[in-house]
Amino acid sequence: MHEALKRLQSGSHHDPFELLGYHETESGGALIRALLPHAEQVELDGIGEMERVEGSDLFELHSDTRFAPGHYTLKWQDKAAGSWHKTVSPYSFEPQIGELDMHWFGEGNHHHVWHFLGSRITTVDAVEGVQFAVWAPGVTRVSVVGDFNAWDGRRHPMRCRGGSGIWELFIPGLAAGDAYKYEILSQRNDVIVKADPYGRHMSNRPETTSLVPAEVSHEWQDQEWMSKRKLFDWQQAPMAIYEMHPGSWQRGEDGTFLNWRELAARLVPYVVELGYTHIELLPVSEHPLDASWGYQVSGYYAPSARFGTPDDFRFFIDAAHQAGIGILLDWVPAHFPKDDFALARFTGEPVYEHADPRRGEHRDWGTLIFDYGRNEVRNFLIANAVYWIEEFHLDGLRVDAVASMLYHDYSREEGDWLPNVHGGRENLEAIHFLQELNRVVHSRFPGAVTIAEESTSWPMVSRPVELGGLGFSMKWNMGWMNDSLSYIEQDPVYRKFHHNLLTFSQLYAFTENFVLPLSHDEVVHGKKSMIDKMPGDYWQKMANLRLFYSWQYGHPGKKLLFMGSEFGQWHEWSEEGEIDWGLNEIEAHAGIRRMVGDLNRLYRGEPAMHQRDFTEDGFRWIDCHDSEQSVLSFIRYAHNAAPIICVFNFTPVPRYDYRLGVPHAESYHEVLNSDSNHYGGTNTGNGGDIQVQEITWMGFEQSISVTLPPLGALFLRGA
């Protein structure tokens with residue numbers, strides 16, 4: 001007893017229930033103990049005063065006979081203030097986590113692990129309080145600390161659940177919004193204080209405390225959307241994605257962040273007006289540093305408090321769904337920061353990260369890499385994906401930095417990486433994780449999508465796991481993005497020498513299910529904004545940008561554009577303020593925005609523009625060889641719908657009587673001209689119908705003669 005008491009008093013006892021709570025004695029009596037370091041005296045409410053064990057903060061009440069105290073109440077007087085307090089003893093409760101839950105978690109297969117890890121308001125045996133649980137393997141002691149116990153780790157040491165590494169404690173009387181962390185005594189006797197890895201609500205930065213989450217009160221109104229999503233055929237449906245950073249799209253008049261409800265009122269109607277189908281949010285999981293844009297995640301299960309409560313986030317998604325807009329989330333399973341309050345060296349030793357820095361650290365990014373081979377870590381991430389989609393009705397995940405996960409030697413010097421068991425560079429554990437992630441998401445959530453940001457030539461990223469692929473729905477086409485930007489940045493006089501930059505993508509366009517991204521990464525860090533990348537004078541820059549967006553929409557693949565680019569923002573994007581809304585008062589910029597809206601409506605309204613984005617039978621070149629005039633032309637096809645002719649003139653020279661071979665039709669009509677004066681152009685084009693002539697041309701039995709606008713694109717539909 002003396003040694004156990006000494007360890008309990010010093011906060012180094014691994015099993016506080018050995019001493020605390022109700023115990024029957026060998027003599028046939030009973031003993032109730034409580035450790036209250038801040039108490040002057042303690043009473044067992046309704047029974048009698050407890051005696052202090054000499055030289056300690058342990059209080060005892062002896063009984064000569066055994067009795068059933070139930071969940072007894074302690075009444076204690078504070079040493080310093082002299083005030084009296086009451087609390088039901090946490091050490092009068094049995095374990096709350098079932099063996100099966102712990103077993104599934106240990107196997108890495110518990111897809112609802114947040115139901116028992118983390119903190120949650122609950123009622124146990126008619127007593128209201130908060131259940132806490134955390135995975136902290138191989139440590140001496142874990143305590144819940146917070147304002148409710150003066151952040152004293154001796155007050156609420158947790159129950160160890162054996163070899164599972166899970167610690168739990170039910171604390172009566174706590175409520176939503178109470179701040180807490182876990183105090184951990186490591187194997188090396190270091191005291192570490194950590195935020196809850198499974199915390200579903202955190203304090204606003206710079207605070208790093210976890211908060212007991214309120215019970216969900218939002219009542220969803222998106223039943224129609226969710227029902228239709230189960231049948232969503234994303235392969236043949238249009239997907240036009242507006243990528244945005246919620247902290248810098250718009251700000252309040254005083255420069256503060258808008259909350260989710262304000263964003264719902266402003267952003268959703270704007271996106272609807274522009275004709276987009278989806279919004280993709282940069283990471284919204286809790287993160288301490290604004291400048292990280294959300295990619296340095298410290299609270300994987302907590303929507304950032306910058307923008308309101310978890311229910312506020314639910315409101316935002318619900319509003320988008322009711323307006324017909326899907327929500328995708330940028331998700332970051334590739335790395336996490338070294339912040340000492342979060343996941344890094346969680347127990348004083350590597351837990352979530354691989355122990356060997358040659359596998360566990362990103363040198364370039366100064367971050368840590370998850371140990372994908374550890375069941376509980378893999379479970380943490382896969383359950384997190386399920387959590388966001390299930391709890392918040394998200395429509396899919398864009399998975400960040402997949403390339404960095406696939407290779408052990410990613411961005412590493414020779415000798416600074418370890419090969420896999422076969423001697424290769426492939427990260428077999430990460431591959432297994434990604435395949436499992438995609439299997440789980442697609443089986444649990446029909447119609448939800450997963451999109452990989454993968455920048456290498458890894459094969460079959462968007463092919464089913466059963467066929468040997470990674471199982472993603474789609475993959476960002478970084479090759480198309482890099483080549484197309486490299487081309488459009490050329491002075492038009494030199495573009496004929498770089499024609500292959502535009503045609504090369506058709507050699508691999510259907511090897512994956514591609515998204516064509518013009519993302520935030522292309523308008524930061526000295527890369528210039530989209531409009532500022534364009535060569536030429538003011539008019540040519542505007543025309544080039546309209547032409548470039550038309551190229552994106554004509555090319556097979558789903559579409560993505562970052563906020564501010566839709567109206568030609570001049571400055572690079574900065575997270576420190578809102579995008580340059582004042583530019584919309586300038587007609588040329590408003591014209592670009594109008595054209596983006598019309599491109600979205602064309603893309604969504606014409607089956608040929610989206611139905612066969614991923615199959616070769618949806619595309620045919622008319623002429624890919626006219627490099628001398630820097631003109632490209634092709635056809636987009638659909639099932640049982642009119643084809644669309646797409647023609648692009650990448651020089652500032654109008655082309656008159658330009659002949660194109662076309663599929664049979666009585667005539668063709670200009671359905672969109674990027675040079676329309678409605679968009680700020682010269683209005684050079686083919687107003688009205690274009691008559692088909694029985695002149696064989698480019699492998700077609702008929703052809704048309706058209707006027708190509710300078711730095712312009714035409715979209716033509718047969719009548």
Side-chain angles (χ1 to χ4, degrees), residues 8 11 16-17 19-22 32-50 57-61 68-97 114-134 141-159 167-183 193 195-196 198-203 207 209-217 309-310:
L8 184 68
F17 284 82
L19 293 177
L20 301 181
Y22 173 83
I32 293 179
R33 296 194 187 101
L35 184 72
L36 291 166
H38 298 271
E40 180 64 36
Q41 54 182 315
V42 181
E43 296 177 4
L44 196 59
D45 198 33
I47 298 178
E49 186 172 350
M50 303 180 76
D57 292 307
L58 185 71
F59 293 83
E60 297 180 336
L61 185 144
H71 299 304
Y72 53 87
T73 298
L74 300 172
K75 183 179 177 182
W76 59 278
Q77 185 183 31
D78 187 276
K79 283 181 182 179
S83 54
W84 284 87
H85 308 271
K86 278 187 176 184
T87 181
V88 176
S89 173
Y91 300 96
S92 66
F93 293 85
E94 296 296 318
Q96 300 300 306
I97 300 174
W114 72 91
H115 286 179
F116 70 90
L117 290 182
S119 66
R120 60 188 176 89
I121 297 171
T122 188
T123 300
V124 179
D125 299 334
V127 178
E128 296 180 354
V130 175
Q131 167 74 7
F132 295 92
V134 64
R141 185 258 306 169
V142 182
S143 298
V144 186
V145 293
D147 293 332
F148 51 86
N149 61 15
W151 299 90
D152 188 336
R154 297 171 298 168
R155 292 273 299 276
H156 289 101
M158 304 175 79
R159 170 186 271 121
W167 301 73
E168 65 160 302
L169 189 67
F170 175 71
I171 304 180
L174 299 188
D178 283 342
Y180 72 97
K181 283 187 176 181
Y182 295 114
E183 183 180 284
V193 180
D196 190 346
Y198 288 89
R200 289 175 284 133
H201 195 184
M202 291 186 71
S203 299
E207 288 292 329
T209 53
S210 303
L211 302 178
V212 173
E215 295 186 82
V216 176
S217 62
T309 68

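For the atom pair NE2 (His71) and CZ (Phe93), the distance works out to 4.5 Å, reported to the nearest 0.5 Å. Within the model, atoms OH of Tyr72 and OG1 of Thr87 stand 10.5 Å from one another, a figure rounded to the nearest 0.5 Å. With values rounded to the nearest 0.5 angstrom, Phe116 atom CZ is found 13.0 Å from Gln96 atom CD. For the atom pair NE2 (His156) and CG (Leu169), the distance works out to 6.5 Å, reported to the nearest 0.5 Å. A distance of 14.5 Å separates CH2 in Trp114 from OG in Ser119, rounded to the nearest 0.5 Å.
Contact between Met202 and Ala195 at its shortest, heavy atoms only, is CE-CB, 4.0 Å. When every heavy atom of Leu61 is checked against every heavy atom of Gly48, the shortest pair comes out as CD1-O, 3.7 Å. Smallest separation of non-hydrogen atoms from Leu35 and Leu58: CD1-N, 3.8 Å. The two residues Ile121 and Ala214 have their closest heavy-atom pair at CD1-CA, 4.4 Å. Nearest heavy atoms, Asn149 versus Arg155: O-NH1, 3.6 Å.
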Intermediate values then yes/no, side chain to side chain contact (heavy atoms under 4.5 Å, CB included), Met50 and Leu36: CA-CA 11 Å; Met50 303 180 76; Leu36 291 166; over 6 Å; no
Chi angles and distances behind the side chain to side chain contact (heavy atoms under 4.5 Å, CB included) call for Asp147, Asp178: CA-CA 8 Å; Asp147 293 332; Asp178 283 342; over 6 Å; no
Evaluation steps, side chain to side chain contact (heavy atoms under 4.5 Å, CB included), between Asp196 and Tyr182: CA-CA 7 Å; Asp196 190 346; Tyr182 295 114; 3.2 Å; yes
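Judged purely by atom type and a 3.5 angstrom limit, Ser210 has no side-chain atom pairing as donor or acceptor with the backbone of Gly199. Here the side chain of Ser143 pairs no donor or acceptor atom with the backbone of Val145 at under 3.5 angstrom. No donor-acceptor pair under 3.5 Å is formed between the side chain of His38 and the backbone N or O of Asp78. Of the possible polar contacts, none joining the Glu168 side chain to the Pro95 backbone as a donor-acceptor pair under 3.5 Å is found. Gln77 places a side-chain N or O within 3.5 Å of a backbone atom of Gly82 that can act as its donor or acceptor partner. Judged by distance alone, the side chain of Asp152 and the main-chain N or O of Arg154 form a donor-acceptor pair under 3.5 Å.
Within the 4.5 Å cutoff, side-chain heavy atoms of Leu8 are placed close to those of Leu20. Put simply, the side chain of Phe148 reaches to within 4.5 Å of the side chain of Ile171, judged on heavy atoms. A heavy-atom distance below 4.5 Å is not found between the side chains of Pro310 and Arg200. Under the 4.5 Å side-chain criterion, counting only non-hydrogen atoms from C-beta, Tyr91 is not in contact with Ile32.
Under the 30°/60° scheme for interplanar angles, the aromatic rings of Phe132 and Tyr180 are found to stand perpendicular.
A salt bridge links Glu60 with Arg33; the closest basic N to acidic carboxylate O contact falls under 4.0 Å.
For the side chain to side chain contact (heavy atoms under 4.5 Å, CB included) test, residues two or more places apart in sequence or in another chain that qualify with Thr209 are Trp151, Ala179, Lys181, Ser203, Glu207, Leu211. Checked against side chain to side chain contact (heavy atoms under 4.5 Å, CB included), Thr122 has the following partners two or more places apart in sequence or in another chain: Arg120, Val124, Gln131, Phe170.
Applying the salt bridge (charged side-chain N to carboxylate O under 4.0 Å, His left out) definition to pairs two or more places apart or across chains, those involving residues 85-94 are Asp45-Lys86.
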